[in-house]
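First the structure, in the form of structure tokens, and then the observations on it.
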Amino acid sequence: MASASVAAAVGPDKEEAPMMREYGGATRGRGVPDDGWRICLKHEFTEKRKPFHLQNISPKQVIGFFGMGLRYLWFYQKKKRVEKKAPFIDLFDSQPLRQIYGVPLGGIGGGCITRGWKGEFCRWNLQPGLYAYETISADQFTVCVRRNGQTTYQQVLSPDQPHSLQNWNWGFCGRFAYYHALYPRAWTVYELPGQGITLTCRQISPVIPNDYKDSSLPTGVFVWDIENHGEEDVEVAIMFTMSNSAGRKHDGKEGHWNEPFHTAGEGASDGAVSGVLLHHNHPTNPYTMAIAAQHQAGVTVSHLTEFDPKGLGAEVWTDLMQDGRLNSPQGPSKPTRSRQEVAAAVASTVSVMARGSAQVEFCLAWDMPKMRFKSKEREYCRRYTRWFGTDGQAAPKLCLYALSRYKEWEENIEAWQSPILKDTSLPAWYKSAVFNELYFVTDGGTVWVEARTEEAPKGCDDDDVRPMNGTSPLPCNETLLEYGRFAYLEGQEYRMFNTYDVHFYASFALIMLWPQLQLSLQYDIASAILAEDTQQRTHLMNGSRSNVKTKHVVPHDVGDPYDEPWVRLNAYLIHDTRDWRDLNLKFVLQVYRDYHATGDRRYLDRLWPVCKIVMNSELEFDADGDGLIENSGAADQTYDGWAVKGASAYCGGMWLASVCTMRKMADIMGDLTCFNKYDDILSRGKKAFETKLWNGRYWKYDSSGELYSASVMSDQCAGQWYLGASNLGDGEYEAFPKDQVQSALRTIYDLNVMKFSGGTMGAVNGMMPNGTVDTTSVQSIEVWVGVVYSLAATMIQEGLTEEGFKTAEGTYRTVWERLGMAFQTPEAYCEQDVFRSLAYMRPLSVWSMQWALERRARKDRDVA
């Protein structure tokens, strides 16, 4: 919770964006919170941006990318035509901007289905790490209103007008509805024109901090509140229709079939549910979806086992209209033929008294208990199977469990969110950002699987890792066995799991909310550090050849879902990342930050030897022995399109922070030799850092002496960010003088923020000291959303609260309100025209702002 001083620093919250002005409804909807992201279903975003392509490179930049372009073209053709695989990054077929997405459904690591803000089911991640972006017309909610035994109103609750299902009544007037998102919940409020009825659909997914059971469940609940404002009783039916499909080419494969089900709990209070199972015969990972409704007093549940989602839809539409119920045989449908599709429907019907209200409840669940990646070499059991089994029969149990537990989920969600939402010192846009950006934890191609004792990570017997207290530090330990293995993509378009240079920013969400998943991920990375893959390959940027994975360095990532993650590392092959300056440092900084957050001494004991290994590898980059590493002249860090040479603010600053952190960990471990080693390096490195980079206002981009060397980098204080977050950076653990940190942050604010687009778009990566954007790189001209949030966190923890909120506000409003990128926050955008890499990991760094706010609040309380 933020300190009371935040309100004075930030000032009154500004008026929210005009995305609700089109709404003509009379009521607000039942239970809709004040805070979140809200939009009228009639709204149209006027700005239509395009994704970055190679042709976006400027003429003066093209020379440096010419060779890479040729090599990438060869690599692309080989992947597509010979290997029949998608490249890990497709530069020729980026996803277009679809301004349609809403809160995704499902827990962590079991797959994900996104329902758009207009009501369509439109993004699918059921196969591990792979996406389909199809809107399936049959996946809808429909309302039927009956008075005196006659249907007087029947409407699909969607403003769309699809080409299929023409017998359905489409085109709900978006002016009479709005959508409200506060992840992991969403509300859609419909005023039925001329009916005196308000419907509020509440969507709930079990995403709950520190819950390692229910948060893994592949399910979501829809609760419909029905309010009758009229003077006569009405009967209302809500129908949920779903196609046996997930927007992929395998949907047309034969052998899919549906069957009805009914299941009840053992006790009278456990309830009962009925619905339809949709069995999908996927060639690699078959699964079953379930749509179901809750039985309760006064509610009639009915179903239709099958209908043609590509036909006119008369069979289901007329069936509902006749009596507000569905009538279907109890047996299963026939298996589909090739290219044939099948859909199903479930309806809940209830009487609503005049001036009264009622409620009906639905569940969507999917059961893919065992999964394989594209290479099909290993089979994994998803996390939720620990409680629901691996036999593929869990969908009915998941529905029953979800519908009997969702109220408890909501209580836990509200208890978690309430301190932030009720803090009047925090602006409304921030409350939306901190929760809604969390969508990527579930919708980032996330997989969460059980670990097996025989899957001891490679390198456990490495001679360079000494046992601690007689125990090998990196077996498949109790953390992995209890909490499983966790991986998420760098981005939905950048298909690499646990991209480590980016996870450095995003990891605050995990360590704050699911710390054991962060520790599990770190154990996997530690194992990968000790692993080696001597297979040679060509790197796209410069054509050099080297090992896939070099021993004793941090990998870039743990693999591509089109291959075999955790087994074959480093799907990224643009650069040889063994020479990247930031990866090893980011491991060390996270290890101590995690220990500081959890107090888990066993974790520190195990990873301390690995920290010493990677820091010894990193020392090789200090060529002149001055205590400060140098960059190579290539793009050898997370800014992989922005070359840097000599001492640099970004990598040099993280190096000093890591040295400071090693000194602290050595003190804790009682390792006097290591303490003295890094104490000496810190003393020399601080002098070199100031001499080579400090210019009186900020730390220069690098010491190369090139024209771009004086560039003001928005991310130059990344080292101080982590030191402050770990309660270091002061006294004997100070790496950067406080007055210099303050001066650098104020310079960034004045130039990169306020002189860029009038201070309304966040912080541009590079700005020249004369107030013009640094155009020497394809990335210096970009705004990186995750970097903006981390910069804002740094400002807050250094006492520049107003500047921090102003900086972050610009990027939030640009992405969510101006550009229509809700629930697909990109890695980057430029001032005009272009964005890059939709739905990206790094913006989870918004949680570092909350980390900084809570840390400052504790300091304020201690002072008081």
Work out which heavy atom in [X] is nearest to a heavy atom in [Y]; give both atom names and the distance.
{"X": "Leu105", "Y": "Phe121", "answer": "CD1-CE2, 3.8 Å"}
{"X": "Phe222", "Y": "Gln203", "answer": "CE2-OE1, 3.7 Å"}
{"X": "Ala181", "Y": "Phe823", "answer": "CB-CZ, 3.6 Å"}
{"X": "Met761", "Y": "Arg818", "answer": "SD-NH1, 3.5 Å"}
{"X": "Pro104", "Y": "Thr114", "answer": "CB-OG1, 3.6 Å"}
{"X": "Thr219", "Y": "Trp366", "answer": "N-CH2, 4.0 Å"}

Can you tell me how far apart [atom1] ([X]) and [atom2] ([Y]) are? Round to the nearest 0.5 Å.
{"X": "Thr598", "Y": "Gln516", "atom1": "OG1", "atom2": "CD", "answer": "7.5 Å"}
{"X": "Phe497", "Y": "Met841", "atom1": "CZ", "atom2": "CE", "answer": "9.5 Å"}
{"X": "Ser215", "Y": "Trp448", "atom1": "OG", "atom2": "CH2", "answer": "6.5 Å"}
{"X": "Cys173", "Y": "Leu192", "atom1": "SG", "atom2": "CG", "answer": "12.0 Å"}
{"X": "Asp225", "Y": "Glu227", "atom1": "CG", "atom2": "CD", "answer": "7.0 Å"}

What is the ring orientation for [X] with [Y], classed by angle as parallel under 30°, tilted 30 to 60°, or perpendicular over 60°?
{"X": "Phe504", "Y": "Tyr722", "value": "parallel"}
{"X": "Phe388", "Y": "Tyr384", "value": "tilted"}
{"X": "Phe362", "Y": "Phe141", "value": "perpendicular"}

message: If you apply the rule side-chain hydrogen bond (donor to acceptor under 3.5 Å, both in side chains), what do you find for Glu490 with Thr499, and how did you get there?
response: CA-CA 5 Å; Glu490 178 179 335; Thr499 298; 3.0 Å; yes
task: Go through the steps to decide whether Leu182 and Leu421 satisfy the test side chain to side chain contact (heavy atoms under 4.5 Å, CB included), and finish with yes or no.
output: CA-CA 10 Å; Leu182 190 65; Leu421 298 179; 3.7 Å; yes
Quick check: does any side chain N or O of [X] sit under 3.5 Å from a backbone N or O of [Y], one acting as donor and the other as acceptor?
{"X": "Asp214", "Y": "Pro206", "value": "no"}
{"X": "Thr135", "Y": "Cys122", "value": "no"}
{"X": "Trp117", "Y": "Gln99", "value": "yes"}
{"X": "Gln797", "Y": "Ser848", "value": "no"}
{"X": "Tyr812", "Y": "Val434", "value": "no"}
{"X": "Ser790", "Y": "Val787", "value": "yes"}
{"X": "Thr446", "Y": "Tyr488", "value": "no"}
{"X": "Glu493", "Y": "Gln95", "value": "yes"}
{"X": "Arg855", "Y": "Ala725", "value": "no"}
{"X": "Tyr789", "Y": "Met849", "value": "no"}

- request: Apply ring-ring contact (aromatic ring centres under 6.0 Å, His included) to Tyr439 and Tyr183, showing your working.
  value: CA-CA 7 Å; Tyr439 84 95; Tyr183 186 83; 7.3 Å; no
So do [Y] and [X] actually touch side chain to side chain, heavy atoms under 4.5 Å?
{"X": "Gln417", "Y": "Asp35", "result": "no"}
{"X": "Leu97", "Y": "Gln824", "result": "yes"}
{"X": "Tyr131", "Y": "Leu489", "result": "yes"}
{"X": "Trp224", "Y": "Cys201", "result": "yes"}
{"X": "Trp851", "Y": "Ile511", "result": "yes"}
{"X": "Arg813", "Y": "Thr760", "result": "no"}
{"X": "Leu853", "Y": "Ile420", "result": "no"}
{"X": "Pro515", "Y": "Asn210", "result": "yes"}

message: Take a 6.0 Å sphere around NZ of Lys407 and say whether it holds more than 12 heavy atoms from other residues, nucleotides or ligands.
response: no
Are [X] and [Y] close enough that a side-chain donor and a side-chain acceptor fall under 3.5 Å?
{"X": "Asn436", "Y": "Ser432", "value": "yes"}
{"X": "Tyr179", "Y": "Arg115", "value": "no"}
{"X": "Tyr430", "Y": "Gln850", "value": "yes"}
{"X": "Trp816", "Y": "Glu437", "value": "yes"}

message: Could you go through Trp784 and Tyr840, starting from their C-alpha distance and side-chain angles, then the distance that decides it, and tell me whether this counts as ring-ring contact (aromatic ring centres under 6.0 Å, His included)?
response: CA-CA 10 Å; Trp784 285 13; Tyr840 198 77; 7.8 Å; no
Carboxylate-amine/guanidinium contact [X] [Y], below 4.0 Å:
{"X": "Arg405", "Y": "Glu361", "answer": "no"}
{"X": "Glu802", "Y": "Lys806", "answer": "no"}
{"X": "Asp160", "Y": "Lys118", "answer": "no"}

- request: Might you work through the side chain to side chain contact (heavy atoms under 4.5 Å, CB included) test for Ser348 and Val301, ending with a clear yes or no?
  value: CA-CA 5 Å; Ser348 284; Val301 177; 4.0 Å; yes
query: Between Gln590 and Gln518, is a side-chain hydrogen bond (donor to acceptor under 3.5 Å, both in side chains) present by the stated rule, with each step listed?
result: CA-CA 9 Å; Gln590 284 185 71; Gln518 167 67 6; 3.0 Å; yes
task: Check the pair Trp416 / Leu513 against side chain to side chain contact (heavy atoms under 4.5 Å, CB included), numbers first and verdict last.
output: CA-CA 10 Å; Trp416 156 45; Leu513 303 175; 3.8 Å; yes
task: Would you list the pairs meeting salt bridge (charged side-chain N to carboxylate O under 4.0 Å, His left out) in which at least one residue belongs to residues 176-189, sequence neighbours left out?
output: Arg185-Glu410, Arg185-Glu414
field: Of all pairs that satisfy salt bridge (charged side-chain N to carboxylate O under 4.0 Å, His left out), the ones with a partner from residues 122-137, not counting sequence neighbours
entry: Arg123-Asp443
field: Cation-pi check, Arg593 onto Phe508 ring (under 6.0 Å, within 45° of axis)
entry: yes
- request: Using the side-chain hydrogen bond (donor to acceptor under 3.5 Å, both in side chains) rule, take Tyr212 and Arg386 through it: C-alpha gap first, then chi angles, then the decisive distance, then the call.
  value: CA-CA 11 Å; Tyr212 298 92; Arg386 176 175 295 200; over 6 Å; no
task: Carefully, step by step, assess Leu438 and Leu844 under the rule side chain to side chain contact (heavy atoms under 4.5 Å, CB included).
output: CA-CA 6 Å; Leu438 197 61; Leu844 283 170; 4.0 Å; yes
